[in-house]
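Here's the structure we're looking at; comments come further down.
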Amino acid sequence: MMNIVLIGFMGSGKTTVGRALSAKSDMEFLDTDALIESKEDCKISTIFTEKGEAHFRALENAALKSLAVTKDKVISTGGGIVSSHNNRELLKKAGKVIYLRVSPETVIKRLEGDISRPLLMGEDKLSRVEELLSLRRALYESTADRIIDVDDLSVEEIVDSIMKDFT
Ligand SMILES: Nc1ncnc2c1ncn2[C@@H]1O[C@H](COP(=O)(O)OP(=O)(O)O)[C@@H](O)[C@H]1O
Ligand SMILES: O=C(O)C1=C[C@@H](OP(=O)(O)O)[C@@H](O)[C@H](O)C1
Ligand SMILES: [Mg+2]
């Protein structure tokens with residue numbers, strides 16, 4: 001069976017859903033952010049602060065390249081992974097790409113008080129979310145094989161919806 005690759009904005013639930021899907025499907029779970037933090041022995045927010053976003057994106061591309069050649073895995077990605085053309089090509093070849101589509105309001109609600117996402121650390125979080133989403137929306141949609149609107153779905157409902165595709 002091929003990989004299941006989750007894409008979507010920060011707070012759409014890629015890591016949470018990926019982990020739950022892995023547990024239910026008995027497929028190994030891999031997360032590009034977790035891989036980077038483990039390899040660099042450093043939090044992503046620290047990588048951004050100390051080495052900059054461009055360096056993080058190079059690490060993210062390398063992590064994706066290493067995952068794209070695996071099989072039968074659940075792969076969760078970081079929300080900005082669709083920003084590069086090369087990454088989008090790798091994602092399409094990596095397996096079945098599922099876009100967890102979320103509204104800005106839900107992102108704000110779910111990430112209230114979260115300080116782990118450097119790109120959302122400014123004053124007006126909602127404007128920043130809307131700005132980034134407007135830049136990325138078409139990229140998520142053009143890369144995905146399937147779109148799930150997740151605002152009003154529980155993690156379990158999303159997992160069950162994805163598993164229906166594979167059984
Ligand atoms: N379907 C959902 N319903 C309610 N809360 C969710 C859902 N999916 C994720 N969350 C919560 O939203 C936050 C962000 O989830 P996370 O998996 O880190 O998202 P991502 O990896 O896409 O940034 C977490 O606190 C998580 O528990
Ligand atoms: O949207 C982005 O550019 C980012 C999303 C984050 O991952 P999550 O989407 O899992 O929060 C992480 O890769 C980094 O903070 C950058
Ligand atoms: Mg995540």
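Just follow the structure's listing: the first ligand is 1, and inside any ligand the first atom is 1. The model shown is predicted, which means the values in this text are computed figures rather than measured ones. When a residue number appears, it is its place in the shown sequence, counting from 1.
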Please say whether Ser116 places an N or O atom under 3.5 Å from an N or O atom belonging to ligand 2. no

Mind checking whether Gly80 has an N or O less than 3.5 Å away from an N or O of ligand 2? yes

Glu141 atom CD, over 12 foreign heavy atoms within 6.0 Å: yes

Please say whether more than 12 non-hydrogen atoms of neighbouring residues, nucleotides or ligands are located less than 6.0 Å from CG in Asp26. no

Heavy atoms only: which of [options] is nearest to [atom]?
| atom | options | answer |
| --- | --- | --- |
| atom 19 (O) of ligand 1 | Gly78, Ala20, Gly13 | Gly13 |
| atom 5 (C) of ligand 2 | Gly79, Gly18, Pro118, Ser45 | Gly79 |
| atom 16 (C) of ligand 2 | Arg57, Arg117, Glu60 | Arg57 |
| atom 4 (C) of ligand 1 | Lys14, Arg19, Lys109, Arg110 | Arg110 |

Using a heavy-atom cut-off of under 4.0 Å, does the side chain or the backbone of Ser76 touch ligand 1, or both, or neither? neither

Contact partition for Leu153 relative to ligand 1, non-hydrogen atoms under 4.0 Å: backbone

Linking I/L/V/M/F/W/Y whenever their side-chain heavy atoms sit closer than 4.5 Å, directly or via other members, would Val155 and Ile7 fall into one cluster? yes

Identify the protein heavy atom lying closest to [atom], giving its residue, its atom name and the separation to 0.1 Å.
| atom | value |
| --- | --- |
| atom 14 (C) of ligand 2 | Ile44 CG2, 4.0 Å |
| atom 1 (O) of ligand 2 | Arg136 NH1, 2.7 Å |
| atom 12 (C) of ligand 2 | Asp33 OD2, 3.2 Å |

Closest non-hydrogen atom pair, Ala94 against Val5: CB-CG2, 4.0 Å

Looking only at heavy atoms, what is the nearest atom pair of Asp151 and Arg110, with distance? O-NH2, 4.1 Å

Polar contacts were defined as any N/O atom of the residue lying under 3.5 Å from an N/O atom of the ligand; does this apply to [X] and ligand 1?
| X | result |
| --- | --- |
| Val150 | no |
| Leu111 | no |
| Met10 | no |
| Arg117 | yes |

Under 4.0 Å from any heavy atom of Gly78, which atoms of ligand 2 are there? 7 (O), 9 (O), 13 (O)

Would one find an N, O or S atom of Met10, in either backbone or side chain, under 2.8 Å from the Mg ion (ligand 3)? no

If you measure from each heavy atom of Gly8 to ligand 1, is any distance below 4.0 Å? no

